[in-house]
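Structure record follows, encoded as structure tokens.
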Amino acid sequence: MKEFLSNVWVKRAVSVFNLVYFAVIALITYATFLYDLEFAEGKEKSFFTVYVAASVVFLGLMIFSRNELITRILSVLMLLVVFLLLLFNMYDWILVIPPMAVALIMFFVAGTNETVKVVMGTIYLLMYVLGLVAYFVFNLLFGGTSQLTELNADMDRNGEVFAIYKTEFPKICELAADDHAISPDGEYRIILYDVQNSDKGGINIVVVPSDDDIELKFFTLKQKGVQKTISNQGLRGVVPDVSWTVDEDGTLDVLYRLSPESELKKTSVRGMPDKQYLEFLGIS
């Protein structure tokens with residue numbers, strides 16, 4: 001067994017196999033750049049268990065093959081991928097911490113040339129510090145202080161927002177149901193957002209694509225960066241009436257009434273804006 005594990009070709013094969021972990025982390029990073037990752041109900045702990053276990057296993061495999069060329073290359077590249085993963089999923093530590101731990105340990109443990117470690121370590125240190133500072137500055141300048149909470153059947157029953165809409169929760173569930181919120185052609189969905197800010201807050205009515213989401217075992221990748229605001233004048237605590245209608249010429253419109261006393265209005269969903277790729281910086 002000892003001879004088998006010390007065989008150079010075994011270590012090289014393990015080194016190649018390590019590419020699987022790097023590819024998965026890179027795919028998660030790319031996916032969370034384009035989509036919002038939302039865990040399926042009750043699946044978060046299961047995902048975390050599998051995620052951590054896989055990270056520990058591959059960390060062991062990388063340490064075992066630490067002197068092989070591919071592992072040494074991965075030990076340098078992992079910190080770059082994890083940095084991007086951190087930017088796209090700030091505060092979502094369940095995604096960031098396991099690969100970050102693997103990347104940090106392997107950067108120091110791998111048999112990479114010491115000069116390369118010093119140069120790349122300095123670059124990464126500057127990149128993490130300056131990158132995170134830039135991230136917070138952009139969010140401060142463009143993100144504002146508003147906090148949006150989607151009004152739907154999955155609202156936190158113990159949260160402040162639910163307490164505000166508790167009496168109208170049945171109406172919220174009705175408006176958020178697929179048969180009501182999704183457009184007749186199945187391409188769009190109406191979403192109501194509670195807006196909490198330094199003023200008195202409000203309700204936004206927005207339209208987003210409904211058929212671009214990707215459902216996986218543990219989570220759903222929801223399209224982000226593409227939405228059209230129908231109204232941002234709703235009163236906080238007053239759930240508007242909203243529905244779809246199709247004009248005689250085939251134009252798809254949203255009908256809405258912000259309060260029982262207000263007039264019925266209509267807005268077309270024609271001309272949806274382009275995808276905003278810098279949404280993670282607070283730019284919308």
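Between atom CG of residue Asn18 and atom CG of residue Leu74 there is a gap of 6.5 Å, rounded to the nearest 0.5 Å. Summarising the geometry, atom CG belonging to Leu84 is positioned 13.5 Å from atom CD1 belonging to Ile28; distances are rounded to the nearest 0.5 Å. In this structure, the separation between CZ on Phe88 and CG on Leu34 is 8.5 Å, given to the nearest 0.5 Å. Between the CD1 atom of Ile172 and the CG atom of Asn152 there is a distance of 8.5 Å, given to the nearest 0.5 Å. Taking CG of Leu77 as the start and CD1 of Ile25 as the end, the distance is 13.5 Å to the nearest 0.5 Å. Annotation: the span from Asp241 atom CG to Leu175 atom CG amounts to 7.0 Å, rounded to 0.5 Å.
Put simply, the side chain of Tyr124 never gets that close to the backbone of Phe83: no donor and acceptor are under 3.5 Å apart. Formation of a donor-acceptor pair under 3.5 Å by the Arg66 side chain with backbone atoms of Ile63 is found in this model. Proximity of a side-chain donor or acceptor of Tyr128 to a complementary backbone N or O of Leu79 within less than 3.5 Å is detected. In this structure, the side chain of Glu68 does not engage the main chain of Ile70 through any donor-acceptor pair within 3.5 Å. One N or O on the side chain of Thr71 and one on the backbone of Ser65 form a donor-acceptor pair closer than 3.5 Å. Arg257 contributes a side-chain N or O that, together with a main-chain N or O of Ser262, makes up a donor-acceptor pair within less than 3.5 Å. Listed for the Ser15 side chain is no donor-acceptor partner under 3.5 Å among the backbone atoms of Lys11. Looking only at distances, a side-chain donor or acceptor of Arg72 sits under 3.5 Å from a matching main-chain atom of Asn67. Using a distance-only test at 3.5 Å, with no hydrogens or angles considered, no donor-acceptor pair links the side chain of Arg236 to the main chain of Gly234. Judged purely by atom type and a 3.5 angstrom limit, His180 uses its side chain to pair as donor or acceptor with the backbone of Val242.
The ring of Phe47 has its center closer than 6.0 angstrom to the ring center of Tyr51. Between Phe218 and Phe39, the ring center distance fails the sub-6.0 Å criterion.
Annotation: Lys117, atom NZ; neighbour count of heavy atoms from other residues, nucleotides and ligands within 6.0 Å is above 12. Atom NZ of Lys171 has more than 12 heavy atoms from other residues, nucleotides or ligands within 6.0 Å. No more than 12 heavy atoms of other residues, nucleotides or ligands shown are found within 6.0 angstrom of CG on Asp274. Within 6.0 Å of OH in Tyr30 there are 12 or fewer heavy atoms belonging to other residues, nucleotides or ligands. Within 6.0 Å of CZ in Phe136 there are more than 12 heavy atoms belonging to other residues, nucleotides or ligands.
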query = Thr220 and Leu216: side-chain contact (heavy atoms from CB on, under 4.5 Å), yes or no, with the steps?
reply = CA-CA 6 Å; Thr220 298; Leu216 301 174; over 6 Å; no
Stepwise side-chain contact (heavy atoms from CB on, under 4.5 Å) check, Met155 with Phe169 = CA-CA 9 Å; Met155 293 169 60; Phe169 185 64; 4.3 Å; yes
task = Start with the C-alpha distance between Ile205 and Leu258, add both sets of side-chain angles, then the distance that settles side-chain contact (heavy atoms from CB on, under 4.5 Å), and finish with yes or no.
result = CA-CA 10 Å; Ile205 304 173; Leu258 298 180; 4.1 Å; yes
task = Start with the C-alpha gap between Glu279 and Lys224, add the side-chain angles, then the distance that decides, and say whether salt bridge (Lys or Arg N to Asp or Glu O under 4.0 Å) holds.
result = CA-CA 8 Å; Glu279 189 180 69; Lys224 68 177 179 180; 5.0 Å; no
query = Do Asp253 and Arg270 pass the salt bridge (Lys or Arg N to Asp or Glu O under 4.0 Å) test, and can you show the C-alpha distance, the side-chain angles, and the key distance before you say yes or no?
reply = CA-CA 8 Å; Asp253 298 315; Arg270 181 181 297 167; over 6 Å; no
task = Check the pair Leu252, Glu187 against side-chain contact (heavy atoms from CB on, under 4.5 Å), reporting the backbone distance first and the verdict last.
result = CA-CA 10 Å; Leu252 189 63; Glu187 292 188 11; over 6 Å; no
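Considering every non-hydrogen atom in both Ile191 and Glu150, the closest pair reads CG2-CG, 3.6 Å. In terms of heavy atoms, Met272 sits closest to Val208 at CE-CA, 4.3 Å. Heavy-atom minimum distance, Ile182 versus Trp244: C-NE1, 3.4 Å. Across every non-hydrogen atom of Leu104 and Phe108, the tightest pair is O-CD1, 3.1 Å. Contact detail for Asp156 and Phe162: the closest heavy-atom pair is O-CB, 3.1 Å. Nearest heavy atoms, Ile164 versus Gly237: CG2-CA, 3.8 Å.
By the criterion of side-chain heavy atoms lying less than 4.5 angstrom apart, applied directly or through intervening Ile, Leu, Val, Met, Phe, Trp or Tyr residues, Leu255 is not grouped with Val238; the two fall into different hydrophobic clusters. Follow the hydrophobic side-chain contacts under 4.5 Å out from Leu37 and you reach Phe48 in the same cluster. A single hydrophobic cluster is not seen to contain both Ile230 and Tyr193; linkage of ILVMFWY side chains at heavy-atom distances under 4.5 Å, directly or through other members, places them apart. A single hydrophobic cluster is not seen to contain both Val109 and Leu125; linkage of ILVMFWY side chains at heavy-atom distances under 4.5 Å, directly or through other members, places them apart. The cluster map of Ile, Leu, Val, Met, Phe, Trp and Tyr, joined by side-chain heavy atoms under 4.5 Å apart, puts Tyr256 and Leu148 in different clusters.
Judged purely by distance below 3.5 Å, without hydrogens or angles, the side chains of Ser268 and Thr251 never pair a donor atom with an acceptor atom. Looking only at atom types and distance, the side chain of Tyr21 has a donor-acceptor partner in the side chain of Ser55 under 3.5 Å away. For the residue pair Tyr165 / Asp194, a side-chain donor-acceptor distance below 3.5 Å is found, with atom types taken as modelled.
A 4.5 Å side-chain heavy-atom check between Phe33 and Leu87 finds every atom pair outside the cut-off. By the 4.5 Å heavy-atom criterion applied to side chains, Leu221 and Phe219 are counted as neighbours. Lys266 places none of its side-chain heavy atoms less than 4.5 Å from the side chain of Val254. Glu160 has its side chain within reach of Gln196: a pair of non-hydrogen atoms, C-beta onward, lies under 4.5 Å apart. In this structure the side chain of Ile203 never reaches within 4.5 angstrom of the side chain of Leu235, judged on heavy atoms. Two residues are said to be in side-chain contact when any heavy atoms from C-beta on lie closer than 4.5 Å; Leu192 and Pro240 meet this criterion. Contact annotation: the side chain of Thr267 never approaches that of Val207 to less than 4.5 Å [non-hydrogen atoms, C-beta and beyond]. With contacts defined as side-chain heavy-atom distances shorter than 4.5 Å, the pair Met127/Leu80 qualifies.
Ionic pairing of Lys222 and Asp213 is present here: one or more N-O contacts between side-chain nitrogen and carboxylate oxygen are shorter than 4.0 angstrom.
Within the cation-pi definition used here (under 6.0 Å to the ring centroid, within 45° of the axis), Lys275 qualifies as a partner of Tyr277.
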